[in-house]
Amino acid sequence: VVWHGRGPLAGEPKEVRVGPEQVERAYEAAVELGFEPLAVGLRAVETHAASLAGVCCVSWMREYLEAASRGLCRADPGVLGMSRERFKAEWREVVPALTAAAGLAGGIVPAWERVVSERLLGDSKLLGRVRGTVVGLLARSDPRWAGVPSEEATDLLEAYGVRRKPGLIRCAGSANLRVGDGVYRMEDFEPVAHLPDAWAGAWVEGLLAAGVRQVTTIENEYPFLSYVEESGGPAGLGARGEVAVYTAGFPTPSLVEALVRLAEGGGEAV
């Protein structure tokens, strides 16, 4: 036993060293004082991951869950992107996060975050509390996001249909959009248009009617704005039969569907 030599803890044990035959007794004593062995979390998450893998129909998610289960059996939470210290502190969040990630991987009807949370976890606020962990799990497991830095994945859940804010189509070009009884000219929006994704149908129809021949998608905001400006603004893009669209890193399902419809209608995607 190593003792504190001075200060308010003088005379109290600072470090206790035990031999192999004393480890179990030391753990038992520690548990009585409120200590939780790392094995508790490892066993709980390993069992949960294996259970999810047994019913998962998405190959990449099933493989990830199986790898997580194997790693946790070896007391290695690295496949989850966690150190042992962090895992021990946060493993209770990992259990619902794995459930949510597996559910989202299988595809859902797009809905607001609280609605999705209630469907997958039985708690309308739980997905919001473990959102960061879910994002990390999906970024590591879904091959679509290979190489995407975690700091750029904050809006990743939008790509799975989880809505936290109203969707927008940010674009620039020339077309007349017929919405209800009104007609809106895209070129009147400066420097670019921010259209509700509920207008996606009118947007596609307007662009096809305007004879758009090229659809340029740009992932980052600054290059998108710069490209529009260098192209002569919305009118300049429209004059050459082009529409520029800002997709961010993780385009929403509604935007992807609209872009597919544009491509099928004759536009060339670049």
Side-chain angles (χ1 to χ4, degrees), residues 104 107-119 124-125 127-128 131 135 144 152-270:
L104 293 174
I108 63 167
V109 176
W112 296 107
E113 182 180 75
R114 287 197 174 188
V115 175
V116 174
S117 183
E118 182 67 35
R119 290 176 185 168
S124 64
K125 297 182 180 179
L127 179 55
R131 184 187 307 117
V135 167
R144 287 183 293 174
E152 296 181 9
T154 54
D155 294 327
L156 179 146
L157 295 187
E158 292 280 347
Y160 296 88
V162 181
R163 298 172 179 165
R164 295 179 59 202
K165 52 190 175 183
L168 293 175
I169 301 173
R170 298 179 61 180
C171 57
S174 295
N176 293 330
L177 277 58
R178 300 185 180 277
V179 182
D181 296 330
V183 178
Y184 303 86
R185 291 174 9 121
M186 275 181 56
E187 55 267 41
D188 290 340
F189 295 89
E190 292 284 352
V192 298
H194 293 63
L195 308 176
D197 64 3
W199 290 16
W203 180 66
V204 171
E205 292 172 5
L207 290 171
L208 293 177
V212 166
R213 298 183 300 277
Q214 178 172 313
V215 181
T216 302
T217 59
I218 303 174
E219 180 178 347
N220 297 310
E221 184 177 28
Y222 178 74
F224 166 67
L225 296 172
S226 298
Y227 182 79
V228 173
E229 183 177 357
E230 293 166 2
S231 301
L237 289 166
R240 62 194 195 202
E242 180 182 1
V243 60
V245 185
Y246 171 59
T247 62
F250 309 97
T252 63
S254 61
L255 177 56
V256 171
E257 181 181 349
L259 291 172
V260 169
R261 290 176 57 194
L262 272 178
E264 292 173 344
E268 178 186 357
V270 297

J.: Tell me, do Ile108 and Val162 make a side-chain contact under 4.5 Å, heavy atoms counted?
T.: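 Yes; the side chains approach each other to less than 4.5 Å.
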J.: Exactly one of Val243, Val204, Leu262 should register a side-chain contact (heavy atoms from CB on, under 4.5 Å) with Val212. Which one does?
T.: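 That would be Val243; it is the only one of Val243, Val204, Leu262 passing the side-chain contact (heavy atoms from CB on, under 4.5 Å) with Val212.
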J.: Look at atom CD of Glu229 and say whether more than 12 heavy atoms of other residues, nucleotides or ligands are closer to it than 6.0 Å.
T.: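 12 or below, so no.
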J.: Measure the OG1-CD distance between Thr252 and Glu257 for me, rounded to the nearest 0.5 Å.
T.: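 Result: 10.0 Å between the selected atoms.
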J.: Once rounded to the nearest 0.5 Å, what's the spacing between atom OG of Ser226 and atom CD of Glu221?
T.: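 Reported to 0.5 Å precision, the distance equals 10.0 Å.
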J.: State the NZ-CD distance between Lys165 and Glu113, to the nearest 0.5 angstrom.
T.: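 Here the rounded value is 12.0 Å.
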J.: Quick one: side chain to side chain contact (heavy atoms under 4.5 Å, CB included) partners of Ala235, sequence neighbours excluded?
T.: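 Ala235 satisfies side chain to side chain contact (heavy atoms under 4.5 Å, CB included) with no other residue.
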J.: Rounded to the nearest 0.5 Å, what separates atom CD1 in Ile169 from atom OH in Tyr246?
T.: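 Spacing of CD1 (Ile169) from OH (Tyr246) equals 14.5 Å.
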J.: If you take all heavy atoms of Val228 and Ala244, which pair is closest and at what distance?
T.: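 It is CG2-CB, 4.2 Å.
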J.: Check whether any side-chain heavy atom of Ser117 lies under 4.5 Å from a side-chain heavy atom of Lys125, and answer yes or no.
T.: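 The answer is no; the side chains never approach within 4.5 Å.
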J.: Sequence neighbours left out, what passes side chain to side chain contact (heavy atoms under 4.5 Å, CB included) with Pro253? Give chain and number order.
T.: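 Pro253: no side chain to side chain contact (heavy atoms under 4.5 Å, CB included) contacts found.
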J.: Any side-chain heavy atom of Arg164 within less than 4.5 Å of one from Leu157?
T.: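 No; the side chains remain at least 4.5 Å from each other.
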J.: If we only count heavy atoms from C-beta on, is the Phe250 to Val135 side-chain gap below 4.5 Å?
T.: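 They are not in contact (no side-chain heavy atoms under 4.5 Å apart), so the answer is no.
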J.: Could you tell me whether Arg144 sits above the aromatic face of Tyr160, with NZ or CZ closer than 6.0 angstrom to the six-membered ring centre and within 45 degrees of the axis?
T.: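 Yes.
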J.: Can you give me every donor-acceptor pair (side chain of residues 192-202, partner residue at least two apart or in another chain, under 3.5 Å) with its distance?
T.:
from, atom 1, to, atom 2, distance (Å)
His194, NE2, Arg170, NE, 3.2
Asp197, OD2, Ser254, OG, 3.4

J.: Drop me the distance from Leu104's CG to Arg119's CZ, to the nearest 0.5 angstrom.
T.: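 Separation between the atoms: 11.0 Å.
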J.: Is a donor on one side and an acceptor on the other found under 3.5 Å between the side chain of Arg240 and the backbone of Arg213?
T.: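 It does not hold such a pair.
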J.: State, yes or no, whether a side-chain contact exists between Ser174 and Leu237 at a heavy-atom distance under 4.5 Å.
T.: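 Side chain of Ser174 against side chain of Leu237, heavy atoms only: no contact under 4.5 Å found.
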J.: I want to check something: taking the side chain as every heavy atom from C-beta on, are Met186 and Leu207 in contact at a cut-off of under 4.5 Å?
T.: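 When only atoms from C-beta onward are counted, Leu207 and Met186 do touch, with a gap below 4.5 Å.
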